[in-house]
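Below is one structure, written out as structure tokens, with a few remarks after it.
Just so we're on the same page: letters track the sequence lines, and every chain starts at 1.
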Amino acid sequence: MRPFTYERAASPADAARAASRQPGARFIAGGTNLLDLMKLQIETPAHLIDVNRLGLDRIEPTPEGGLRIGALVRNTDLAADARVRHDYGVLARALLAGASGQLRNKATTAGNLLQRTRCPYFYDTAQPCNKRQPGSGCAAIGGVTRQLAVIGASEACIATHPSDMAVAMRALDAVVETVRADGATRRIPIAEFHRLPGETPHVETALEAGELITAVTLPPPLGGHHAYRKVRDRASYAFALVSVAAVVQRDGSGRVALGGVAHRPWRVEAAEAELPRGAKRAMAAILDGARPTHENAFKLTLAERTLASVLAEARG
Amino acid sequence: MSRVTLRVNGEERSLELDPRTTLLDALREQLQLTGSKKGCDHGQCGACTVMVEGRRIYSCLTLAVMHDGEAVTTIEGLGRPDALHPMQAAFVKHDGYQCGYCTPGQICASVATLQEIEAGIPSHVTADLTAAPQLTAEEIRERMSGNICRCGAYSNIVEAITEVAGRPA
Ligand SMILES: Cc1cc2nc3c(=O)[nH]c(=O)nc-3n(C[C@H](O)[C@H](O)[C@H](O)COP(=O)(O)OP(=O)(O)OC[C@H]3O[C@@H](n4cnc5c(N)ncnc54)[C@H](O)[C@@H]3O)c2cc1C
Ligand code: SF4
Ligand code: FES
Ligand code: FES
């Protein structure tokens, strides 16, 4: 690990101020992704701002009947919250499908949204990677692509976003709340939060430098059948090859977001009209324009079958 | 250098350390508590599992400075050779190990697993999210998936945990 200085922020606004003041500063929450990458010198912050004791660890009802989840709420606590289990089952299920008990005890809401890709070439500092080192090229293109994106990728990067939680939040239309260095706050819809790689795969979200996530809010409950189905190479403690987050109503209408297929949680609202006509029609519309490699084309079939299984379960 | 006070296994310990020091390295290198093991150092094996403020975490993926003032329990604090914790005794009885390298982490995670089920925290295999989770072998296996055993002692580990949980395996 490269040397860094460390401070504990006194308030959310103070944290955002400190981050804009110090070049190379980063927030640290659970640390489970950032420290992993710092040990490999993929992340090399000069200054760490600890945001763990800012009181951002509460889950509260919103006036609209939704839920406001503090940025520092641990994944375990969010999945165990009675309101989340009852009204936002897709989110509880997605959280519980991720990582391990030890990691969920530490991982936070904000940190989970901002975790970085698991592209094997991003982790291998001997390889070119536009995300790790802008302009250096992409070793994954033409390399081992089994785990990588099948849709929304670019000539610069074909990585996927690894979070399970974010896929459920995309299906639920969550909103990310932030504070900037000047104290100004804003609300970013989750659909606009994560970016496609384009020419700048190192720019992964809509956040500005030093902008601190304070909370994620969920709209009022949708009702319906909630499911998160994750397919992976081992039964637990592994990232998704493909995952499906779905909320399906009695009349067969619903919402679907996919994990493991793109640089961000993948949802195509216009395709959801096809849901009552079955998984084949719906998935063809959701993955319209997919450009898989010969190694990851299986994800298209897998996504369709996973959705078929979720829809069958929803019909009961 | 940073100053950090930890309450380790019930004792206040003051440390002077580089902020880069992980909790695992602080325990092993500075406090000579070498029960917690370094398997992967990247959150992928569970050998470094300890309890912080009563919750199990991987001590390799956290900085000691982030835990100033907090209580840490390691395998050394759970029991002693002449007064084993029931989970330690059950691992011995059921042969829940071969080489023993993963065992301190397994035992810390096992104790926490039973507490988490007791506290009603659901898991990936809990069928009904709105009901209290059941103490089944399936639940134990899923909740222990964050601890890898290279020797493959898994079935004996499940038996040990099941016995402590008060159910026949
Ligand atoms: C072995 C292993 C297996 C895993 N398996 C899965 C899995 O199956 N599914 C899954 O979804 N995840 C998985 N994970 C990833 C895990 O979920 C993430 O590491 C975790 O969610 C990150 O949260 P954190 O709080 O520890 O983030 P940190 O490491 O503290 O931070 C991550 C990033 O977010 C930034 N940040 C943190 N808080 C804020 C804030 N409030 N505002 C702005 N920026 C902030 C940090 O600066 C950093 O860049 C796995 C991890 C490991 C090590
Ligand atoms: S796919 Fe993206 S993350 Fe992977 S090597 Fe290419 S640029 Fe890097
Ligand atoms: S050493 Fe910490 S998880 Fe492997
Ligand atoms: S007993 Fe050898 S690794 Fe588990």
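Residue A:A94: no heavy atom, backbone or side chain, is found under 4.5 Å from chain B. Proximity to chain A is limited to the side chain of B:T22, based on heavy atoms less than 4.5 angstrom apart. Proximity to chain A (any heavy atom under 4.5 Å) is shown, for B:T62, by both the backbone and the side chain. Neither the backbone nor the side chain of B:D18 comes within contact range of chain A; no heavy atoms are under 4.5 Å apart. Both the backbone and the side chain of A:D36 come within less than 4.5 Å of a heavy atom of chain B. Within the 4.5 angstrom heavy-atom criterion, only backbone atoms of A:A79 (N, CA, C, O) approach chain B. Looking at B:I148, only its side chain comes within 4.5 Å of chain A, counting heavy atoms on both sides.
Once rounded to the nearest 0.5 Å, the distance linking OH of A:Y123 with NE2 of B:H42 reads 9.0 Å. The distance from atom OH of A:Y6 to atom CZ of B:R20, rounded to the nearest 0.5 Å, is 16.0 Å. Between the CG atom of A:L34 and the CG atom of B:L63 there is a distance of 8.5 Å, given to the nearest 0.5 Å. Of the inter-residue distances, the one linking B:M144 atom CE with A:S100 atom OG reads 10.5 Å to the nearest 0.5 angstrom. Note that the CZ atom of A:R85 and the OG1 atom of B:T126 stand 7.5 Å from one another [nearest 0.5 Å].
Between B:Y58 and A:L103 there is a side-chain heavy-atom pair separated by less than 4.5 Å. Residues B:P19 and A:L48 fail the side-chain proximity criterion, which asks for heavy atoms closer than 4.5 Å. For the pair A:R74/B:R55, a side-chain contact is recorded, criterion being any heavy-atom separation below 4.5 Å from C-beta on. Side-chain contact between B:L129 and A:L96: present, with at least one pair of heavy atoms (C-beta onward) separated by less than 4.5 Å.
No more than 12 heavy atoms of other residues, nucleotides or ligands shown are found within 6.0 angstrom of CZ on B:R80. Annotation for B:E118: atom CD does not count as buried by contact number, only 12 or fewer foreign heavy atoms lying within 6.0 Å. Counting non-hydrogen atoms of neighbouring residues, nucleotides and ligands closer than 6.0 angstrom, the CZ atom of A:R118 exceeds 12 such neighbours.
Among B:I121, B:V65, B:T130, the residue with the largest count of heavy-atom pairs under 4.5 Å with chain A is B:V65. If you tally non-hydrogen atom pairs under 4.5 Å between each of A:K39, A:H86, A:R2, A:M38 and chain B, the highest count goes to A:K39. For the set A:S236, A:A80, A:G31, the count of heavy-atom pairs under 4.5 angstrom toward chain B peaks at A:S236. For the set A:L95, A:T5, A:D77, the entry with the most heavy-atom pairs within less than 4.5 Å of chain B is A:D77. Between chain B and the options A:K106, A:M1, A:Q102, A:R8, the largest number of non-hydrogen pairs under 4.5 Å is found for A:Q102.
Shown here for B:I57 and A:N105, the closest heavy-atom pair between the two residues is CG2-CB, 4.3 Å.
In summary, A:R53 and B:E70 engage in a salt bridge, as defined by a charged side-chain N under 4.0 Å from a carboxylate O.
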